[in-house]
Participant: 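I am attaching a structure below and will ask some questions about it afterwards.
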Amino acid sequence: MAKAIARRSPSVEPQPIKRDPTLFEQRLHKVCSAIPKGKVSTYGALAIALKSSPRAVGQALRRNPYAPKVPCHRVVAHDLKIGGFSGTWDPQSGRVNRKKALLESEGVRFVGDKIADDCVADPDILAAAC
DNA sequence: GCCATGGCTAGTA
DNA sequence: GCCATGGCTAGTA
């Protein structure tokens, strides 16, 4: 497990991007904003809605310059673990803790280190947002 | 050639 | 732990 985390860490604070959002980023932000408050979705689910790949979704969210306008904190890993935030995947980091606090303040519930199943947004909502 | 993914093996115990 | 995948950036020419 420590290795799984190490694989995704350490990460450096992402550079804010200066260019205009690409078409892909605009579509991603739109779908992301469709996740209701109190719910979460996954990188994989967004990728399906966008007909893209989970990796591309994660990469784009990593550099999301529109937080918190675009609620990228509502996107978590497929196994319903918290996932990354503000450039890092390390669950010990204050950044990931902030993501958790944000979600809890919106009504998302955790069971251990995972999000409760019934807090996952309906994939149809995402598809409809494209 | 990088990644905030995810799915799949291989190798250990 | 490997690697397919897709979108992007950096660095070269």
Side-chain angles (χ1 to χ4, degrees):
Chain A
M1 168 50 74
K3 284 186 180 172
I5 294 167
R7 176 158 65 97
R8 298 165 160 107
S9 277
S11 284
V12 189
E13 189 92 29
Q15 304 257 41
I17 58 176
K18 298 178 186 173
R19 53 171 173 70
D20 291 336
T22 62
L23 179 57
F24 175 74
E25 286 163 344
Q26 292 176 41
R27 294 200 301 138
L28 172 62
H29 297 156
K30 194 170 161 193
V31 173
C32 204
S33 303
I35 305 171
K37 200 177 182 184
K39 301 270 185 182
V40 299
S41 190
T42 67
Y43 301 100
L46 294 199
I48 290 169
L50 293 167
K51 297 182 166 54
S52 178
S53 85
R55 200 78 198 251
V57 170
Q59 187 198 206
L61 288 182
R62 184 182 199 275
R63 300 184 317 259
N64 168 30
Y66 307 104
K69 183 179 172 126
V70 175
C72 60
H73 61 279
R74 294 182 194 152
V75 184
V76 303
H78 72 122
D79 58 0
L80 298 189
K81 291 193 176 169
I82 183 97
F85 195 56
S86 186
T88 183
W89 242 84
D90 181 358
Q92 306 301 314
S93 81
R95 296 183 231 159
V96 171
N97 281 332
R98 198 154 58 248
K99 177 175 180 178
K100 184 175 183 184
L102 263 175
L103 289 173
E104 285 179 327
S105 77
E106 293 181 349
V108 172
R109 284 168 294 102
F110 285 76
V111 181
D113 61 347
K114 288 190 181 186
I115 282 129
D117 305 325
D118 59 311
C119 294
V120 178
D122 180 355
D124 293 343
I125 295 178
L126 306 180
C130 299

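Since the structure is predicted, the reported quantities are computational estimates derived from the model, not experimental observations. By convention in this document, chain letters (A, B, ...) are assigned in the order of the sequence lines, proteins followed by strands, and residues within each chain are numbered from 1.
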Participant: Respond yes when some side-chain nitrogen or oxygen of A/Trp89 is under 4.0 Å from OP1 or OP2 of B/dT5, and no when none is.
Facilitator: yes

Participant: Please classify the nucleic acid contact of A/Tyr43 as base, sugar-phosphate, or nothing, using heavy-atom distances under 4.0 Å.
Facilitator: base

Participant: In dot-bracket form, how is DNA chain B paired, counting a Watson-Crick or G-U wobble pair only if both its distances are under 3.5 Å and using | for bases paired to another strand?
Facilitator: |||.||||.....

Participant: Does A/Val108 share a hydrophobic cluster with A/Val120, counting links as ILVMFWY side-chain heavy atoms below 4.5 Å and allowing steps through other members?
Facilitator: yes

Participant: Is the shortest side-chain heavy-atom distance between A/His73 and A/Leu103 below 4.5 Å?
Facilitator: yes

Participant: Give me the atom names and distance for the closest heavy-atom approach of A/Ala49 to A/Ala127.
Facilitator: CB-N, 4.2 Å

Participant: Whole Å only: how far is the CD atom of A/Glu25 from the P atom of C/dG6?
Facilitator: 17 Å

Participant: Provide, to the nearest angstrom, the distance between the CZ atom belonging to A/Arg63 and the P atom belonging to C/dG6.
Facilitator: 17 Å

Participant: Rounded to whole angstroms, how far apart are CG on A/Leu80 and C1' on B/dG6?
Facilitator: 13 Å

Participant: Rounding to a whole Å, what distance do you find between A/Gln59:CD and B/dC2:P?
Facilitator: 12 Å

Participant: With the threshold set at 4.0 Å, does a side-chain nitrogen-carboxylate oxygen contact exist between A/Glu25 and A/Arg63?
Facilitator: yes

Participant: Using atom types as modelled and distance alone, determine if a side-chain donor or acceptor of A/Arg74 lies under 3.5 Å from a backbone N or O of A/Ile35.
Facilitator: yes

Participant: Contact class for A/Gly83 (heavy atom, under 4.0 Å): base, sugar-phosphate, or nothing?
Facilitator: nothing

Participant: Rounded to the nearest angstrom, tell me the gap between atom CD in A/Gln26 and atom C1' in C/dC8.
Facilitator: 15 Å

Participant: Taking CZ from A/Arg27 and C1' from C/dG6, how many angstroms apart are they, rounded to a whole number?
Facilitator: 11 Å

Participant: Mind checking whether A/Val96 and A/Trp89 have side chains closer than 4.5 Å, heavy atoms only?
Facilitator: no

Participant: Any residue in residues 48-56 of chain A with a heavy atom nearer than 4.0 angstrom to DNA chain C? Just list them by number, or reply none.
Facilitator: A/Ser52, A/Ser53, A/Arg55, A/Ala56

Participant: So, do A/Ile82 and A/Asp113 sit near enough that their side-chain heavy atoms are less than 4.5 Å apart?
Facilitator: no

Participant: Over how many whole Å does the gap from A/Leu61 atom CG to C/dG6 atom C1' extend?
Facilitator: 14 Å

Participant: Does one hydrophobic cluster hold both A/Val40 and A/Phe110, with members joined at side-chain heavy-atom distances below 4.5 Å?
Facilitator: yes

Participant: When all nucleic acid strands are considered with a 4.0 Å heavy-atom cut-off, which category describes A/Ala77: base, sugar-phosphate, or nothing?
Facilitator: sugar-phosphate

Participant: Just one of A/Asp117, A/Asp118, A/Ile115 clears the side-chain contact (heavy atoms from CB on, under 4.5 Å) bar with A/Arg109, so which one?
Facilitator: A/Asp118

Participant: A/Leu46 CG to B/dG6 C1': how many Å, rounded?
Facilitator: 14 Å

